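A, B, ... follow the sequence lines: proteins, then strands. Residue 1 opens every chain. These numbers were taken from a predicted model, which means no experiment stands behind them. The figures here come from the full heavy-atom set of this structure, side chains too, leaving out hydrogens, waters and symmetry mates.
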Protein chains: 2
Amino acid sequence: MTQTMTVPHPIPEALAEMIAKRFRVLGDSNRLRLLDALRDGPLSVGGLTQATDCTQQNVSKHLGILHEAHLVKRERIGTQALYSIADPAVFELCEHVCGGLRRNVDDLSELLPGG
Amino acid sequence: MTQTMTVPHPIPEALAEMIAKRFRVLGDSNRLRLLDALRDGPLSVGGLTQATDCTQQNVSKHLGILHEAHLVKRERIGTQALYSIADPAVFELCEHVCGGLRRNVDDLSELLPGG
DNA sequence: GAGTACCACAACTCTACGGTTGTGGAGTTG
DNA sequence: CAACTCCACAACCGTAGAGTTGTGGTACTC
């Protein structure tokens, strides 16, 4: 499962920008919380607006960004728009980041007495 | 190795912001290229300046950001500053992102005739 | 058809951040 | 000490992007 080193080296400028762009899409806490809210299943814009404490317009805007990045799927049901996770792999990404953060904290902890 | 679902759900606002912040650090192509340039081993600021086409001040600034995020280590040797990868796991992150991008492209490819 | 949800687009403001310029400090060399 | 190299800090400018406000469009309901 751990496909190793498919990224060319040195990395082409264009690829670096593509990867960076996706990282930027994930670099907003509201968008992460929207994705998190969709873990239990599809939700409408109204439902997602309640899940976060943003305005409906703001939620719609962030969902548009996530949708353009193919991170969520959109399905229209009557007057509603049902959003769902397009690729569950995004959560693995967050797990990886969390793992890195944890190692950082552990390293700091060892530097302190009683750590 | 695949530690599953250690991220709480629903995700706390503060944690979402921490994860988002790290994503933002990785959301710049020059920083990704700096990390990529360090894959072969430690390099000085001068060396990294040559590897990219940025000014020395810009490289130093980005390295400062990467260092503050604990993504690179710094070691002073005389007048030089040797930077190196602090946690090789960042490359796995990039691999994951690349995997997601590939799936997106493949999905698009199937929609086109001859795909 | 009138009224009412539900959603998304556009324009605007304000902040965050990338890049440049200028400069100063630390270390080495002669 | 003087000159030079290497690096990082600070101030500035320009732009990308997050959030708000306003609004229009689509689909149900009565």
May I have the distance from [X] (atom [atom1]) to [N] (atom [atom2]), rounded to whole angstrom?
X: A:I77; N: C:dC7; atom1: CD1; atom2: P; answer: 11 Å
X: B:L63; N: D:dA8; atom1: CG; atom2: P; answer: 7 Å
X: A:Y83; N: C:dC7; atom1: OH; atom2: P; answer: 9 Å
X: A:K21; N: D:dA16; atom1: NZ; atom2: P; answer: 11 Å
X: B:L82; N: D:dT5; atom1: CG; atom2: C1'; answer: 15 Å
X: B:E75; N: C:dG27; atom1: CD; atom2: C1'; answer: 16 Å
X: B:D28; N: D:dA16; atom1: CG; atom2: P; answer: 14 Å
X: B:Q50; N: D:dT5; atom1: CD; atom2: C1'; answer: 14 Å

Choose from [options] the nucleotide whose nearest atom is closest to any side-chain atom of [X].
X: B:N30; options: C:dA8, C:dG19, D:dC7; answer: C:dG19
X: A:V45; options: C:dA8, C:dA11, C:dC17; answer: C:dA8
X: B:T55; options: C:dT21, C:dA8, D:dC6; answer: C:dT21
X: A:H62; options: C:dC6, D:dA8, D:dA18; answer: D:dA18
X: A:S60; options: D:dG17, C:dC6, C:dA8; answer: C:dA8
X: B:S44; options: D:dA11, D:dC7, D:dA8; answer: D:dC7

Legend entry - Exam field: side chain A:R24 to backbone B:G27, donor-acceptor pair closer than 3.5 Å: yes
Legend entry - A:N58 vs A:T79, nearer the 5' end of DNA chain D by closest nucleotide: A:N58
Inset, instruction - Tell whether A:Q56 reaches the base of C:dA8 with its side chain through a donor-acceptor pair below 3.5 angstrom. - result: yes
Inset, instruction - Classify the side chain of A:Q57 versus the base of D:dG22 as yes if they form a donor-acceptor pair under 3.5 Å and no if they do not. - result: yes
Inset, instruction - Report yes if at least one side-chain N or O of A:R24 is closer than 4.0 Å to OP1 or OP2 of C:dC17; otherwise report no. - result: no
Inset, instruction - For C:dC7, take OP1 and OP2 only and decide whether either is under 4.0 Å from a side-chain N or O of A:Q80. - result: yes
Legend entry - Interatomic distance, A:E95 atom CD to B:I19 atom CD1 [nearest 0.5 angstrom]: 8.0 Å
Inset, instruction - Identify, between A:A81 and B:R76, the residue whose nearest nucleotide on DNA chain C lies closer to the 5' end. - result: A:A81
Legend entry - Exercise: identify the closest heavy-atom pair between A:A37 and A:A51: CB-CB, 4.1 Å
Legend entry - Among A:E75, A:K73, A:R74, side-chain hydrogen bond (donor to acceptor under 3.5 Å, both in side chains) partner for A:Y83: A:R74
Inset, instruction - Inspect the contact between A:R103 and A:D107 and indicate whether a charged nitrogen and a carboxylate oxygen are less than 4.0 angstrom apart. - result: no
Inset, instruction - Assign A:L48 to base, sugar-phosphate, or nothing according to its heavy-atom contacts below 4.0 angstrom with the strands shown. - result: nothing
